[in-house]
Amino acid sequence: MVDNATAAYIVETQRCFEDLKQVAAQLAGLLVLAAAGSKEAADHPMLGTARELFREANDALRCACPTDRARKHYVQLVRAASEIDKALEETSGGLKIERILVPLRAGYAALECAADALPGFEKVAYARACCGAARFPGAHAP
Amino acid sequence: MTAYSLWVMEYAAVPNYPQSGLIYGMHNQGTRKLPYCYIVIKGQGQIAMVDVGYNHKAHGEVLANTYGVRGWHPPREVLEEIGVKPEDVSNIFITHAHFDHMGNIEDFPNATFYIEERELSKWVWTMSLERRFRWLMLGIDPADILRVVDLARQKRLVCVDGDRENVLPGIDLHAAFDTHTWGSMYVTVRNDLAVNSENSWVFCGDLAYTYENLRGHQPNDPEYIPIGLATGSQFNVIMTAEKMVNSVGGDVHRVIPPHEERLKDLFPSRITKNGLRVTELALAAGEKSRVG
């Protein structure tokens, strides 16, 4: 159970968490393309999309007001944003996989820690995919 | 001759899964057990697998507590039942990129992974879409994508473009685009190694969850009934079912849905000390039974 103020914090930061996760996924996707030898990865339009989405998420994060119960979650979210920001900065010199991968991994790990720190933050949208039907009859199988 | 030993290895299960999630249109018609399995193919000096299951460290608690997944055990314990170690696995065919099929990449340090290039490229494309399209990202774990980057850097990722024959002797990969996912594949094992095999098996991933998807509800009047979830089209799912059934000479039971609990009624099997099932489909010469 969480108190009302923490519940409000959860609602406030869910979108931010989702957006940071999406930015991490977008960067990871570009790295897959680069690692597979794609020449288009470095100039892929998704890089711009990721930067814009990160800016929005980071702005939202600065406005969040964590309660004591939410402190650990907030710290991890801030750490995730910081590491993902570093990963994005590394893309400015081309897609050097190793330089981007290190902060990106750290950022995603922080997101995973954040998801474990409070309810309401899912690493994968289980309810819309794997096993969702087990909880919500009529939803989808894996 | 029988070139490969074939086993279906259960690694977790949902005891009560709504049938509507598995078979299109079966709303409000109860539940059934949904096992989670991967396939082991051993022979010709190789050990291969079809899919690798999910990463328990990342997802286990949520899946157990919220979605009723029970009995997860790591590949090392599951494979031990047939005398295989994860580090001995040389080739892994990923039917699609959902986290419960490709999440355990890290546990197989020496394997080369095969996946359809379209499966990866379309997921990447999907990530570029705006938030309102997020349903299309279902089942994808960004951490798995990072692991794929590592595979590519280590030269252990093979992106397949369409069909590929004899990826190992007698083993073929078949594309099933725009079906369950953008770039799903199924795996055919021609277990006599013949071009026109009379001893073929199909490992279909999630292109069929149960035998009802492949033969309907009345065995004497078969029909294809789509699965509960398709990112692509149900038309493509049905036409792929026809291809898979034809490739095993019409014997539906040689198409192996890894989520089908009733495999135990068709093939020799046993329950392990961990409460998981091992099902033995075929034994190569010199291989001893692991279910006897």
Side-chain angles (χ1 to χ4, degrees), chain A residues 15 18-38 40-41 44-50 53 56 95 97-98 100-101 104-105 107-109 111-112 115-116 119 121-142, chain B residues 14-23 27-28 31 34 36 54 57-59 61-63 66-69 98-101 103 117 120-121 123-131 134-135 137-153 157 159 206 209 227-229 259:
Chain A
R15 176 69 180 269
E18 289 294 325
D19 286 350
L20 287 174
K21 194 173 73 171
Q22 179 73 354
V23 173
Q26 289 170 337
L27 277 175
L30 289 173
L31 293 185
V32 169
L33 293 182
S38 167
E40 296 160 9
H44 200 287
M46 194 159 69
L47 202 49
T49 307
L53 191 57
E56 291 174 15
L95 287 185
I97 294 173
E98 191 60 40
I100 299 167
L101 198 53
L104 185 55
R105 265 208 205 96
Y108 193 74
L111 283 176
E112 290 182 312
D116 292 338
F121 300 90
E122 287 195 323
K123 288 171 263 194
V124 173
Y126 302 103
R128 293 199 302 271
C130 178
C131 308
R135 184 186 193 190
F136 306 108
H140 306 297
Chain B
V14 180
N16 298 297
Y17 197 94
Q19 302 214 68
S20 56
L22 306 173
I23 305 160
H27 306 300
N28 303 313
T31 63
L34 181 79
Y36 283 64
Y54 68 80
K57 190 169 60 180
H59 307 291
E61 190 176 342
V62 175
L63 291 177
T66 312
Y67 297 97
V69 181
H98 284 165
F99 75 96
D100 59 316
H101 290 258
E117 188 276 339
L120 294 179
S121 62
W123 288 125
V124 173
W125 171 77
T126 304
M127 289 167 202
S128 71
L129 301 177
E130 294 188 35
R131 179 175 164 79
R134 63 189 180 278
W135 187 89
M137 280 284 289
L138 57 83
I140 295 297
D141 180 3
D144 288 340
I145 302 169
L146 288 170
R147 293 183 192 107
V148 170
V149 175
D150 278 334
L151 287 182
R153 289 166 63 236
L157 177 68
C159 291
D206 283 356
Y209 291 129
I227 51 179
L229 171 63
H259 290 297

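Chain A is the first sequence line, chain B the second, and so forth, proteins listed ahead of strands; every chain is numbered from 1. Below, each value reflects all heavy atoms present in this structure, side chains not excepted, and no hydrogens, waters or symmetry copies.
Tested against B:I145 for a side chain to side chain contact (heavy atoms under 4.5 Å, CB included), the candidates A:L31, A:V32, A:L27, A:L30 yield a single pass: A:V32.
Listed here is the closest heavy atom pair of B:M127 and A:A25: SD-O, 3.1 Å. Across all their heavy atoms, B:S128 and A:Q26 have their closest contact at CA-NE2, 4.2 Å. Across all non-hydrogen atoms, the minimal contact from B:R153 to A:I97 is CD-CG2, 3.4 Å.
Side-chain contact between B:R131 and A:R15 is present, with at least one heavy-atom pair separated by less than 4.5 Å.
For A:R105, the salt bridge (charged side-chain N to carboxylate O under 4.0 Å, His left out) partners two or more places apart in sequence, or in a different chain, are B:D150. Not counting sequence neighbours, B:D141 has no partner by the salt bridge (charged side-chain N to carboxylate O under 4.0 Å, His left out) test.
Contact tally against chain A (heavy-atom pairs below 4.5 Å) for B:L129, B:L151, B:V149: the top residue is B:V149. Chosen from B:S121, B:P15, B:A143, the residue pairing most often with chain A at heavy-atom distances under 4.5 Å is B:A143.
Contacts between B:L120 and chain A at a heavy-atom distance below 4.5 Å involve the side chain alone, from C-beta outward.
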